[in-house]
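Right, one structure below, let's go through it.
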Amino acid sequence: MSTVKPIEISEAEYAQLAENYGGYCVECRDEAYGVEPDARRYVCESCGARAVYGAEELLIRGVIRFIEESGQKS
């Protein structure tokens, strides 16, 4: 997972994702919901890869990069 391209979202988007048990597939980059915050390697409904991680797990692993609402990196 060290070569995963960062997922860039705002802090508000992250808060909403975490609140709604969301995460991302690190293969196809699709959002996933109904996953635990510390989810690892859940099956992606879009691509079938075992690559869905929960929001908090992605943050801990450094995959999520926060950007400003205007689109500028922080």
Side-chain angles (χ1 to χ4, degrees):
M1 189 152 170
S2 60
T3 60
V4 174
K5 182 180 173 187
I7 296 169
E8 296 181 338
I9 60 176
S10 70
E11 289 182 29
E13 290 170 320
Y14 174 79
Q16 184 176 26
L17 189 70
E19 184 177 312
N20 293 307
Y21 290 93
Y24 278 94
C25 175
V26 296
E27 291 293 322
C28 72
R29 318 294 282 179
D30 204 15
E31 285 185 43
Y33 286 93
V35 299
E36 296 295 319
D38 61 349
R40 296 180 195 149
R41 299 177 38 90
Y42 283 20
V43 175
C44 177
E45 292 180 7
S46 295
C47 72
R50 295 190 61 83
V52 172
Y53 290 79
E56 290 179 13
E57 186 67 25
L58 291 168
L59 185 63
I60 290 168
R61 291 174 177 255
V63 177
I64 288 182
R65 180 182 299 156
F66 291 119
I67 58 172
E68 298 293 325
E69 290 291 330
S70 65
Q72 297 178 358
K73 295 178 188 173
S74 58

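Remember, predicted model here, so these are calculated numbers, not experimental data. Start at 1 with the first residue, then count along the sequence.
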Residues 38-49, side-chain donor-acceptor partners within the protein, below 3.5 Å, at least two apart:
unit_1 : atom_1 : unit_2 : atom_2 : d
Arg40  : NE     : Glu57  : OE1    : 3.4
Arg40  : NE     : Glu57  : OE2    : 3.0
Ser46  : OG     : Asp30  : OD2    : 2.2

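For the atom pair CD1 (Ile9) and CD (Glu31), the distance works out to 8.0 Å, reported to the nearest 0.5 Å. With rounding to the nearest 0.5 Å, the separation of OH in Tyr14 from CD in Glu56 is 4.5 Å. Separating the CG atom in Leu59 from the CZ atom in Arg65 is a distance of 13.0 Å, to the nearest 0.5 Å. Interatomic distance, CD of Glu8 versus CD1 of Ile64, reported as 11.5 Å (0.5 Å rounding). Here the CZ atom belonging to Arg50 is positioned 12.5 Å from the CD atom belonging to Glu27, to the nearest 0.5 angstrom.
Minimum interatomic distance between Tyr33 and Gly22 (heavy atoms only, all atoms of both residues): CD2-CA, 3.7 Å.
Clustering ILVMFWY residues whenever any of their side-chain heavy atoms sit less than 4.5 angstrom apart, transitively, puts Leu17 in the very cluster that holds Val26. Val52 and Ile7 fall into different hydrophobic clusters, where Ile, Leu, Val, Met, Phe, Trp and Tyr are joined by side-chain heavy atoms under 4.5 Å apart, directly or via other members.
Side-chain atoms of Ser10 and Phe66, non-hydrogen and from C-beta on, never get closer than 4.5 Å to each other. Within the 4.5 Å cutoff, the side chain of Tyr53 has no heavy atoms near those of the Val63 side chain.
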